[in-house]
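Heads up: the structure comes next, in structure tokens.
These numbers come from a predicted model, not from an experiment. Each chain gets a letter, A, B and so on, in the order the sequences are listed, and its residues count up from 1.
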Amino acid sequence: MISDNKCVKNKEIARIFDRIADALEFQGANRFRVVAYRKAARILDDLTEDVSVLAQANKLESLPGIGHAIATKIAEYLSTGTVKKYEEVKKEIPGTLLDLLDIQNLGPKTLALAYKELGVESLKDLKQVIKTGRLEELPQMGKQKVDNIRKGIVLYERAHERLSIAAAEEIAHELIAYLKKETRIKHISAAGSLRRWKETIGDIDILATGPNSRTIITVFTQFPNAERVLAAGTTKSSILVRGGVQVDLRIVNAGSYGAALQYFTGSKAHNIRLRNIAKSKGLKLSEYGVFRGKKQIAGRNERDVYKILGLIYVPPEIREDRGEVELALKNKLPKLVEHRSIRGDLHMHSTYSDSEATIAELATAADAHGYEYILITDHSQSVTYAHGLEPKRLYAQWKEIDRLNKKLRTPHILKGVEVDIRRDGTLDYPDAILKECDFVVAAIHQGFKHKVTERMCRAMQNPYVDIIAHPTGRLISSREGYHIDLHRVMEVAAKTGTWLEINAYWDRLDLNDTNARAAHEQGVSISIGTDAHDIKGIQWMKFGVATARRAWLASKDVVNTYTLKKLRAARKVNRKK
DNA sequence: GCCGTTTTCGGCCCGACTGTTTTCAGTCG
């Protein structure tokens with residue numbers, strides 16, 4: 001079960017299409033058929049609408065990349081629970097064989113050959129034929145190739161998990177600082193999914209330009225935290241750092257830096273769209289630039305690449321082929337919210353509940369960020385494991401806040417709570433307390449499977465509840481989240497004027513990008529809060545803002561870009577003080 | 001399998017690298 005159970009079907013069908021694509025690839029089918037299934041899988045995975053609703057309205061084929069054949073298969077799955085084509089495929093290919101495609105340097109052709117000629121059906125079989133030397137003897141194979149597959153297996157067995165954005169950013173930051181210090185690098189930037197601020201990162205990509213690429217590569221491979229050097233050529237090198245994270249470095253000429261940055265930032269789907277546009281204009285786009293015939297007409301600068309193709313600049317965060325290319329062609333992209341527009345943090349914990357930071361420390365750190373206000377939102381009384389505040393301690397906290405506000409110029413400290421939505425759907429403080437708060441954040445911390453949608457909707461009906469925190473309850477690394485009908489929650493949020501949170505903590509990022517976008521499209525305003533439990537936590541705002549940008553949000557869609565005066569005015573109209 | 005301001009058929013993104021080859025296939029990003 002995932003957090004939005006209406007869209008479970010979307011994910012299920014996406015997975016089936018991906019498996020069909022694997023199988024077709026393995027069978028040596030036309031590669032464009034393979035691509036078609038992969039694309040359909042991606043479209044379904046991104047979709048926040050329930051695919052069965054679209055099917056009922058006969059609108060499946062209006063989705064780009066979904067044609068008659070695939071629409072029929074979706075309908076088939078929705079009515080019968082299976083896809084015949086997929087069942088057939090499963091019969092033809094033994095069990096977990098296709099999982100082995102995740103092994104680096106082992107592709108569909110080689111795997112098919114090993115299966116056909118040597119009867120390889122599992123990882124165990126594969127290791128065996130490597131050991132006995134039989135794999136090496138196959139046509140087109142050789143010692144080196146097998147050796148590379150062997151290395152691939154080692155990585156595969158480490159169960160190579162994706163990295164959190166926070167961990168990836170830290171490693172990239174450190175590495176870039178090191179390279180800048182040790183070499184005469186001109187330009188250097190993270191690229192790939194890290195530059196797009198995806199919530200998790202596979203490999204870290206870094207792009208640079210400088211006077212001596214060999215030196216840069218050598219210095220790169222000597223990075224103190226490098227565990228192993230995977231490859232070191234003249235323009236490209238890969239290393240493994242701490243715990244097996246792969247970092248790829250590419251060196252390009254300054255004249256191609258913009259095109260290369262565009263190219264290596266991706267996403268792949270976005271790049272394919274751009275290349276098609278280039279082609280339709282009689283141009284060619286590659287990582288070296290935009291070319292008319294053999295003449296490079298753009299490439300030094302990333303913006304020029306977009307410009308010459310007739311697009312306005314597309315910020316990295318939204319390069320996912322989710323409609324941004326069409327709007328960029330028409331100059332209609334929204335102006336995305338920026339980190340510097342954030343005026344305050346609307347979700348923070350102090351030592352009164354389960355944080356390591358005092359209110360004064362939080363305020364001082366927030367001041368360094370230039371914030372106008374912060375909202376202190378400690379846990380309420382029934383969240384005992386987090387040392388939730390009974391009314392008496394809450395009042396004591398308010399007294400301290402009053403004292404601090406007299407003493408400090410900025411930021412203004414607002415009195416809030418993260419009030420628990422209890423199992424029975426009531427709130428953990430009476431209205432008499434809630435109405436005295438500047439702002440109220442409500443959240444679910446218990447009963448994840450128990451009538452969550454109803455409880456949350458009921459909480460939003462309360463005139464004093466301003467924000468619902470982490471609306472799906474997921475933890476990226478470890479927890480699926482509530483059983484919840486998120487679209488219903490968005491509906492009620494829009495109707496009652498309740499704000500939904502993008503929780504900026506890197507393991508939450510909840511709402512996520514697609515859900516935040518759907519919420520905005522339904523007319524819901526978004527609040528970004530760090531959920532800071534220590535001073536460092538204040539920095540997570542950048543991940544929240546990045547998620548908002550990935551959700552296509554502008555400043556006006558994010559309430560904590562408002563001045564305090566405007567923020568107060570934007571509250572629920574039925575709130576009476 | 002999808003798609004159409006050149007097309008309802010014939011295209012479908014582009015290039016590097018590697019290792020096996022003696023002109024190229026497979027894999028990756």
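Nearest to the side-chain atoms of Asn105(A) among the listed nucleotides dC28(B), dC12(B), dG29(B) stands dC28(B).
The nearest whole Å value for the distance from the NZ atom in Lys145(A) to the P atom in dT27(B) is 7 Å. Taking atom CZ on Arg319(A) and atom P on dC13(B), their separation rounds to 20 Å, with Å as the unit. Atom C1' of nucleotide dG1(B) and atom CD1 of Ile16(A) are separated by 17 Å, given to the nearest angstrom. In this structure, the CG atom of Leu138(A) is 18 Å from the P atom of dG19(B), given to the nearest Å. Here the P atom of nucleotide dC28(B) and the OH atom of Tyr263(A) are 14 Å apart, to the nearest Å.
A salt bridge does not link Lys59(A) with Glu49(A): none of the charged nitrogens is closer than 4.0 Å to a carboxylate oxygen. The pair Arg150(A)-Asp147(A) meets the salt-bridge criterion, since a charged nitrogen lies less than 4.0 angstrom from a carboxylate oxygen. A salt bridge is absent between Arg15(A) and Asp18(A): the closest approach of a Lys/Arg side-chain nitrogen to an acidic carboxylate oxygen does not fall below 4.0 angstrom. A salt bridge links Glu326(A) to Arg273(A): one of the charged nitrogens lies within less than 4.0 Å of a carboxylate oxygen.
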Inset, instruction - Applying salt bridge (Lys or Arg N to Asp or Glu O under 4.0 Å), run through Lys85(A) and Glu76(A) and close with a yes or a no. - result: CA-CA 10 Å; Lys85(A) 170 102 188 162; Glu76(A) 183 191 352; over 6 Å; no
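A close approach under 4.0 Å does not occur between any side-chain nitrogen or oxygen of Ser286(A) and OP1 or OP2 of dA16(B). Within the structure, every side-chain polar atom (N or O) of Lys279(A) is placed at least 4.0 Å from both OP1 and OP2 of dG11(B). Regarding contacts with the backbone of dC13(B), every side-chain N or O of Arg275(A) stays at 4.0 angstrom or more from both OP1 and OP2. Close to dG1(B), at under 4.0 Å from its OP1 or OP2, lies a side-chain N or O of Lys73(A). In this structure, Thr110(A) reaches the dT27(B) phosphate: one of its side-chain N or O atoms is under 4.0 Å from OP1 or OP2.
Heavy atoms of Tyr37(A) sit under 4.0 angstrom from primed sugar atoms or phosphate atoms, though from no base atom. Residue contacts shown for Lys85(A) are absent, as no nucleic acid heavy atom lies under 4.0 Å away. Using a 4.0 Å heavy-atom cutoff across all strands shown, Lys284(A) reaches sugar-phosphate atoms only and no base atom. Contact annotation for Asn148(A): backbone-only contact, meaning every heavy-atom pair under 4.0 Å involves sugar-phosphate atoms and none involves a base.
Side-chain atoms of Tyr288(A) stay outside donor-acceptor range of the base of dG15(B), with no qualifying N/O pair under 3.5 Å.
Nucleotide dT8(B) is matched to nothing when pairs are restricted to Watson-Crick or G-U wobble geometry with both distances under 3.5 angstrom.
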